[in-house]
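As structure tokens, the structure follows; a few thoughts come after it.
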There are 2 protein chains.
Amino acid sequence: MTDSNPNASLTAPSIHGDALPPVEQHAQQYATVRNAHETELIEDYVELIGDLLTHRGEARAADIANRMAVSQATVSKMIRRLNELELVTSKPYRSLFLTEAGQKMAETSRARHDIVLHFLRALGVKDATARIDAEGMEHHVSDETLDIMQRFTEQQQKS
Amino acid sequence: MTDSNPNASLTAPSIHGDALPPVEQHAQQYATVRNAHETELIEDYVELIGDLLTHRGEARAADIANRMAVSQATVSKMIRRLNELELVTSKPYRSLFLTEAGQKMAETSRARHDIVLHFLRALGVKDATARIDAEGMEHHVSDETLDIMQRFTEQQQKS
DNA sequence: CAACATTGTTAGCCAAGGCTAAACTATTTG
DNA sequence: CAAATAGTTTAGCCTTGGCTAACAATGTTG
Ligand SMILES: [Mn+2]
Ligand SMILES: [Mn+2]
Ligand SMILES: [Mn+2]
Ligand SMILES: [Mn+2]
């Protein structure tokens, strides 16, 4: 280990900005992000399929491809994966449907997404920007922060 | 195109929550996220190397591996890439250094990271949670939102 | 200074998430 | 109902970002 004094950051005063966090904590930050990246795309697909079913009555691969701006081949491959994960059911050339697990994930993701989006709007971010930011941020917001965002939004609406 | 009426969301009233955004806008959301994912790891590496240089005087591959909780082989491969991108200079078995471009990226990333972190703390999020959330969120926050976050934090500090 | 410990590199593997091209199925329409 | 159009799948390719195992270089210490 090169980093011979892992807690130097806690003791060494410095002319620079914030000190480095302890190694273990720092590692946890990156590990959590890597973890989020593993599930993020899946959540977006499931959430979108749920939205299409709710608002359109069916979820076709072509819609997903259009809405994600991705090729149909990419969607087709992903659907196979969602199938293996038992999040969706699909018959060839037919609309997709969500399994129980898929519906649960869709609801959770949608709720989280909405809290982040409404929070950003409450903060004063323009709608188009808020939507773009929320699409990425949603996967990196802890439950603790989510709670605070929700309370902030409610507070804002009362005034 | 299956989605025969792409703007239905603007007109169709619904018992459900928020309607689907128009296809083009929706596609833009996902595309922006995919874009952020391409640069995010690189930014984290460059930012960390800058921090190690600032706070430790040198940036060794082993430190990076420890702080990112990743194998040394992974770091070694990434350094080759950073080299090709002319963000760092490196001699085998010696500390890394940032090029001009690398320093610029490190500063920008660090500033952005700090704004998000300080904003989360100002919101009332616990430090450890704020650090984890900021590590992921920072890559998905627009300049517009960043400005608003910064002003919010300053406001908070005055009271 | 030889041995050992630490650090860095390389080779080879894998999964995820993109792409294009080609083939196949379903639907619409002349 | 045949042909054209739209939608779906498959095959094969690529890059990114992980990993382990083996080896090489450097640094430390008895
Ligand atoms: Mn989402
Ligand atoms: Mn998303
Ligand atoms: Mn960062
Ligand atoms: Mn980060």
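Note: hydrogens, waters and symmetry copies are ignored here, and every other heavy atom, side chains too, is used. All values reported here derive from a predicted model rather than from experimental measurement. Within every chain, numbering begins at 1; the chains are lettered A, B, ... in the order of the sequence lines, protein sequences first and strands thereafter.
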Measuring from the side chain of A:Tyr93 (C-beta onward, heavy atoms only), which nucleotide among C:dT20, C:dG18, C:dC24 has the closest atom? C:dC24

Using a 4.0 Å heavy-atom cut-off, does B:Ile79 contact any base of the nucleic acid, only the sugar-phosphate backbone, or nothing at all? nothing

Between D:dT15 atom P and B:Ile42 atom CD1, what is the distance in whole Å? 15 Å

State, to 0.1 Å, how close B:Ala59 and B:Leu52 come at their nearest heavy-atom pair, and which atoms those are. CB-CB, 3.9 Å

Range-with-range stems for DNA chain D, at least three Watson-Crick or G-U pairs under 3.5 Å: C:1-30 with D:1-30

Among C:dC13, C:dG18, C:dT7, which nucleotide has an atom closest to any side-chain atom of B:Gln72? C:dT7

Side-chain donor/acceptor pairs under 3.5 Å, residues 150-157 of chain A, sequence neighbours excluded:
| from | atom 1 | to | atom 2 | distance (Å) |
| --- | --- | --- | --- | --- |
| A:Thr153 | OG1 | A:Met149 | O | 2.9 |
| A:Gln155 | OE1 | A:Lys158 | NZ | 3.4 |

Spacing between A:Glu38 atom CD and D:dC19 atom C1', to the nearest angstrom: 13 Å

Can you tell me if the side-chain N/O atoms of A:Arg60 get under 4.0 Å from OP1 or OP2 in C:dT25? no

I need the minimum non-hydrogen distance between A:Pro21 and A:Gln29, along with the two atoms involved. CG-OE1, 3.8 Å

Grab the two heavy atoms, one from A:Val116 and one from A:Leu146, that are nearest each other, plus how far apart they are. CG2-CD1, 4.0 Å

Rounded interatomic separation in angstrom, taking CG from B:Asn35 and P from C:dG18: 12 Å

D:dT9 C1' sits how many Å from A:Leu96 CG, rounded? 13 Å

On a heavy-atom basis, which atom in B:Glu47 and which in B:Ser109 lie closest, and how many Å separate them? OE1-CB, 3.6 Å

Closer than 4.0 Å, any side-chain N/O of B:Ser76 to the OP1 or OP2 of C:dG8? no

Among the nucleotides C:dC19, C:dT7, D:dG7, which one has an atom lying closest to any side-chain atom of A:Ala62? D:dG7

Closest-nucleotide mapping onto DNA chain C: is A:Arg94 or A:Met78 further toward the 5' terminus? I mean the 5' end. A:Met78

So which atom in A:Ala106 and which in A:Leu98 form the shortest heavy-atom distance, rounded to 0.1 Å? CB-CD1, 3.9 Å

Which label fits B:His37 and A:His37: parallel for a plane angle under 30°, tilted from 30 to 60°, or perpendicular past 60°? perpendicular

In whole angstrom, what separates B:Asp63's CG from C:dT7's C1'? 10 Å

Grab the NE2-P distance between B:His37 and D:dG18 for me, whole Å please. 12 Å

Reckon B:Thr74 has a side-chain N or O less than 4.0 Å from the OP1 or OP2 of D:dG18? no

For A:Lys77 and for A:Arg80, locate the closest nucleotide of DNA chain D by heavy-atom distance; then report the residue assigned to the nucleotide nearer the 5' terminus. A:Arg80

Roughly, in whole Å, what's the span from CD in A:Glu40 to C1' in C:dA15? 17 Å

I need the CG-P distance between A:Leu82 and D:dT9, as an integer number of Å. 12 Å

Taking the side chain from B:Arg131 and the backbone from A:Gln28, do they hold a donor-acceptor pair closer than 3.5 Å? no

Look at all strands and tell whether A:Ala73 reaches a base, only sugar-phosphate, or nothing, counting heavy atoms closer than 4.0 Å. base

